[in-house]
Structure formats: structure tokens, C-alpha cells
Amino acid sequence: MLLTNIKSLLQVRPQNVERVLGLEMNDLPTLDNAWLLIDNGQIVDFGPMDICPDDAEIIDCTGKYVLPTFADPHTHLVFAKPREEEFVMRIEGLGYEEIAARGGGILNSAKKLQETSEEQLFNDALARLKKVMKTGTGAIEIKSGYGLSVDAELKMLRVIKRLKAVSSIPIKANFLGAHAFPTEFKENHQGYIDLIISQMLPKIAEENLADYIDVFCERGYYNPEETAQILEAGVRYGLKPKIHVNQFSLSGGVQIGVKLNALSVDHLEVIGEEEIEALKGSSTIPILLPSCSFFLSIPYGPARDLMNANLPLALATDYNPGSTPSGNLAFVLSLACVKLRMTPNEAINAMTINAAAAMEVSDEVGSITKGKQANLIITKPMPSIAYWPYAFGEGNQLIDQVLIAGEVV
Ligand code: NIG
Ligand code: FE
């Protein structure tokens, strides 16, 4: 398959890069008036139109931009039911943490998930996955964490394993057994942590059910000591930490993540100088989740400070039924520009190559590089690439086609 007359091919990296650091993120390499050749699901070549090959099935891209699909390195895509009743409670004045303290929030989702069959969870998650692929998601990380019992956590992770098996995009599984304390362990935190360490982790390793380990390190959830204990156990089973930190408060979780060589520290709505200092010189990637800030009306993470510190900032949706009922990365693109004050170039770097790095797939996807999977977004004709985030609310309609391994989704 040959894409021709591409107005501009974006994120062109003839020499693959693994991640792009803060100050370089404003540089988005492009090739104007270009063609791109796909064979066997891979990008095999690209170049300027004046030396275009002509021996393949052609998609004419006149006026359109072509870029790598986005990666979404932080989602909770597997869940049983939406929670719009809590959304209404928040409108009426209750806070996210207050609702959780009354048995809503994560515990509400866990109760529903425990009652739902693996088959049902799989079918619903697959439908969500297909939907987000149509809107430009070409790699995704998916967490457990709505099980909160041995059986239900394993059930969630088996669903993710089945999604990996049937899906043509890279998927990574993150074990988030420590998402909340189940009610019966409210006064016995160590009892639940022991369950995670002695019963869940061995089974997960035995069935090869996870790539990463996550903890919700936050006041009212897991404190720094509990977080470190769980992550260290995960590391012993070969799971790299990739964690929730500093959503509502300064927890010390960033420093723990850095110390344990976390792949990423995610949320960071509340973050100080010390956290940024800790991240400098580490290989840990900061991930911001602006659609969560939007939906909960909480502060946005300090994208500019993170980039000024020369860190490889990445963005994700946080798709989940409580804090972010949206897997739409085109909306994240607009929020990145409007609320995080990122330039369109910076945002696209954060959502393609850096997002891929934040789930360890930047050698497979995330840039226009020969040999990478042909996971591509073809936009509608647009006056400039800045028009895309500018036309907020219309982001999806500005996607003409998504190709995954060279096949139209
Ligand atoms: O990333 N913060 C913790 N976990 C999710 C929300 C979970 C929920 O409300 O169901 C998040 O925002
Ligand atoms: Fe999350």
C-alpha cells in the first residue's frame, strides 16, 4: 500500500529515537509533499513525491497529514459499569475523595466487576478497544485494579491477556491490585498487602499475566511505606513499577518510583521542586493525564516545568469509569495545548514517541521509521497541524482514517 501526495508526514525519524527530552520536544521532524510505502504491516520506505514509486495500491492523501498513531500509556480500559451517578454527586458538591470514603469510587467499581463474568468483561473491553483504535490509539497500557480480590484481579488480568492475543496493537498489562483497600481490610492494611504479595503476585508470574506493577500512592489509599513494600515485591517477580502518584497530595511517591527505577510516574497534578529534582537524572518518565484534571476539576500537572527540566514528558488518557470516562486522545491533544500550554509539536511528541517509550514500545511504534509497525493516522485536509488541537471538540472528526499494521480500522 502506498500513501501519496501527503501534505506533510509528521514525526519522521529515519534514525529511531527512544524518547525526546523536554527542550527538544518542540522539534517535530516533518517531510512535506511525501509518500509512504507499507508492506507486510510495516513502514518500508518514505520520501518526497518527486521520486515516488508507483507499484502499489494507492491511498491519495492530498491536503492531509500523516503521523504515527498515538500511544496511550495509562488506562483502566477493563471495567464493568460506568459511574455517572457519582458524576452527578460531584456536580451537587461532593468531592471525589468524599464519594470514595462513602463506598463509591474504586470500591463501587470493584463490587460491580466482581459480579461480572470474564466473558462479559472481555467483550465490553474489546468494544472499547476497537472504539479508541478508531480515534487514533495505536498502542495501549491497561491496568487491573477493579478486582481487589485474588480471583477478581486475576480475572481482570486474564481479560487483558486475551485482549493482547486478539489485538493487532501493542498492549501492556499493569497489575494494580493496590488500587484501594477492600472494605474488609479497612482496618488491616497489612492483611491485604500480604494477600497481594503472597497470593496474587506468584499466580500472576506463573500465568505471565502482567508486565508492570502499579500502586495508587495517595492519602487515604496507599502510603509511601506500603507503596514501596508492594513495588519491591513486584520487582522480585520481574514487574517494573509504573505508578499513580501525587494526584491529590504530595506523597513522596515520585521519589519512591525513581528509587525503584519506575518506568513512569503518572498523574503529578500536585508536584514540587523536590519531585522534579528527583526525576532529573533518572530514567523515569513523567506522565500527565489532562483529561482527568478536566473531568474532576483538579489542577493540571506542570507540563512546562517538567519540560524545562529537560524531562521526556508523556501524556495519556487515564480512561476509567470514575475520574476519566474518555479514551479520546484527540481531546487530550487539545487539552495539552489549551491547559498544559504545550505547543502542538510538543504535544504530538508527548503522545507518540514519548508515550510509546512510557510503555516500552518505542522501538515498534511512535515514529515514522523504516521497520516500525504501520500504525498511522491520516487526517482530514487541514490548513495546518495546529488546526487539529485548535478545533477542540472536533478532534475525532478530523481523523480521516486510522491504519493499524497497514490495515484500515
Ligand atoms: O487514575 N487515581 C486512581 N485511579 C484512577 C481512578 C479510579 C476510579 O475512580 O475508578 C485514576 O484517576
Ligand atoms: Fe489511573
Side-chain angles (χ1 to χ4, degrees), residues 72-90 94-114 116 121 125 128 140-148 152-153 156 160 172-182 212-223 226-227 230 241-249 251 253-254 257 262-270 286-301 314-327 332 335 355 358-359:
D72 194 347
H74 181 134
T75 83
H76 308 248
L77 183 89
V78 179
F79 58 85
K81 291 267 156 47
R83 303 210 308 261
E84 72 278 10
E85 65 289 345
E86 293 181 10
F87 167 61
V88 177
M89 287 159 87
R90 280 203 314 281
L94 279 183
Y96 177 87
E97 291 172 281
E98 286 171 284
I99 293 169
R102 294 177 186 198
I106 295 163
L107 293 181
N108 180 358
S109 278
K111 187 165 177 293
K112 289 170 181 161
L113 187 134
Q114 287 165 7
T116 306
L121 289 170
R128 281 180 211 120
I140 192 167
E141 179 254 24
I142 309 174
K143 299 169 194 300
S144 70
Y146 290 129
L148 305 184
E153 282 296 313
M156 279 191 88
I160 302 171
K172 292 289 172 88
N174 195 348
F175 169 52
L176 177 54
H179 199 188
F181 285 100
Y212 305 121
I213 182 155
D214 197 345
V215 174
F216 187 17
C217 181
E218 187 59 60
R219 69 178 173 217
Y221 294 85
Y222 289 78
N223 68 33
E226 292 164 345
T227 299
I230 296 160
K242 187 168 156 53
I243 60 179
H244 283 75
V245 291
N246 293 33
Q247 182 175 6
F248 302 115
S249 63
S251 61
V254 171
L263 176 59
S264 70
V265 286
D266 309 9
H267 272 288
L268 309 176
E269 287 87 345
V270 182
I287 298 184
L288 298 184
L289 309 165
S291 37
C292 175
S293 297
F294 170 83
F295 192 69
L296 293 185
S297 299
I298 61 173
Y300 287 84
L315 300 175
T317 60
D318 198 15
Y319 190 5
N320 76 75
S323 72
T324 321
S326 162
V332 170
L335 286 176
M359 52 179 288

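Below, each value reflects all heavy atoms present in this structure, side chains not excepted, and no hydrogens, waters or symmetry copies. FYI, the numbering just counts along the sequence from 1. Remember, it's 1-based here, ligands and their atoms both numbered in the order they're listed. Just so it is clear, the model here is predicted, and its values are computed rather than measured.
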Problem set entry | Pairwise side-chain contact, Leu315 with Pro290, heavy-atom cut-off 4.5 Å (strictly under) | yes

Problem set entry | Aromatic ring pairing His244/His267, orientation class (parallel under 30°, perpendicular over 60°, tilted between) | tilted

Exercise. What protein heavy atom sits nearest atom 2 (N) of ligand 1, and how far away is it?
Worked result: Gln247 OE1, 2.6 Å

Exercise. For Ser109, is at least one N or O under 3.5 Å away from an N or O on ligand 1?
Worked result: no

For this session: Calculate the angle formed at the Fe ion (ligand 2) by NE2 in His74 and OD1 in Asp318; 10° precision is enough.
Result: 80°

Seminar exercise, completed: If we number the atoms of ligand 1 from 1 as shown, the ones under 4.0 Å from a heavy atom of Ser323 are 6 (C), 9 (O), 11 (C), 12 (O)

Problem set entry | Under 4.0 Å to a heavy atom of Tyr96 - the qualifying atoms of ligand 1, by number | 6 (C), 7 (C), 8 (C), 9 (O)

Problem set entry | Heavy-atom gap Tyr146 to ligand 1 smaller than 4.0 Å | yes

Problem set entry | Phe294-Tyr300 aromatic ring centre distance below 6.0 Å | no

Exercise. Are Glu141 and Lys143 ion-paired here, with the side-chain N under 4.0 Å from a carboxylate O?
Worked result: yes

Seminar exercise, completed: Given the options Asn174, Thr317, Asn320, His76 meets side-chain contact (heavy atoms from CB on, under 4.5 Å) only with Asn320

For this session: Examine ligand 1 and decide if any of its atoms is less than 4.0 Å from a heavy atom belonging to Phe79.
Result: no

Problem set entry | Thr75 versus Asp72, side-chain donor and acceptor atoms under 3.5 Å | no

For this session: Give the residue, atom name and distance (to 0.1 Å) of the protein heavy atom nearest atom 11 (C) of ligand 1.
Result: Asp318 OD2, 3.1 Å

For this session: Identify, by atom number and element, the atoms of ligand 1 in contact range of Asn320, meaning under 4.0 Å from any of its heavy atoms.
Result: 5 (C), 6 (C), 7 (C), 8 (C), 9 (O), 10 (O), 11 (C), 12 (O)

For this session: Check if His179 has a non-hydrogen atom at a distance under 4.0 Å from any atom of ligand 1.
Result: yes

Exercise. For Lys112, does its backbone N or O pair with a side-chain atom of Thr116 as donor and acceptor, under 3.5 Å?
Worked result: yes

Exercise. Looking from the Fe ion (ligand 2), what is the angle between NE2 on His244 and NE2 on His76, to the nearest 10°?
Worked result: 100°

Problem set entry | Ring centres under 6.0 angstrom apart (Phe181, Tyr221) | no

